[in-house]
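Worksheet for the structure shown next.
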Amino acid sequence: MDMYIHYNTLPMGKALEDVVEEINEVLDDHGAVCGGEEGRIDLDLEDETINPKYAQLAVKAYLQRAEFARDTTVEIGGMEIGIYL
């Protein structure tokens, strides 16, 4: 299953490479960053047997801790959800 992080700016002091590495650590064996483009990070959730809400919650929690901007969203299954909602 694909999941996308839509952002306008990265947190202060973080490079995209840092964010990718940290997200991969959060997802552990359940997924990984698989690409992206300007303003979007693409994730592939590896294990289809695990409820994708758990990955979504883990990624949202990471984005909040990393202090991403309030307009950052996570998209899964075609639905975008704000990370602070």
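- Residues forming a side chain to side chain donor-acceptor pair (under 3.5 Å) with Asp42 (at least two apart in sequence, or on another chain): Arg40.
- The shortest heavy-atom contact between Val59 and Val26 is N-CG1, 4.3 Å.
- The distance from atom CD of Glu75 to atom CD1 of Ile5, rounded to the nearest 0.5 Å, is 11.5 Å.
- Looking at heavy atoms from C-beta onward, Leu43 lies out of side-chain contact with Tyr4 at the 4.5 angstrom threshold.
- One distance of note links OH of Tyr62 with CD of Glu25; it measures 9.0 Å at 0.5 Å rounding.
- Under the 4.5 Å side-chain heavy-atom criterion for grouping Ile, Leu, Val, Met, Phe, Trp and Tyr, Leu27 is not connected to Ile81 through any hydrophobic cluster.
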Could you pull out all donor-acceptor pairs under 3.5 Å where a side-chain atom in residues 63-72 meets a protein atom, sequence neighbours excluded?
unit_1 : atom_1 : unit_2 : atom_2 : d
Gln64  : NE2    : Ile83  : O      : 2.2
Asp71  : OD2    : Asn8   : ND2    : 2.5
Thr72  : OG1    : Ala69  : O      : 2.9

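- Follow the hydrophobic side-chain contacts under 4.5 Å out from Val33 and you never reach Leu57; the two are in separate clusters.
- Across all non-hydrogen atoms, the minimal contact from Tyr7 to Glu37 is OH-O, 4.4 Å.
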Going through the checks in order, is the side chain to side chain contact (heavy atoms under 4.5 Å, CB included) test met by Leu45 and Ile76? CA-CA 10 Å; Leu45 305 181; Ile76 191 164; 4.0 Å; yes
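- Nearest heavy-atom pair across Gln56 and Met3 is CA-CE, 3.6 Å.
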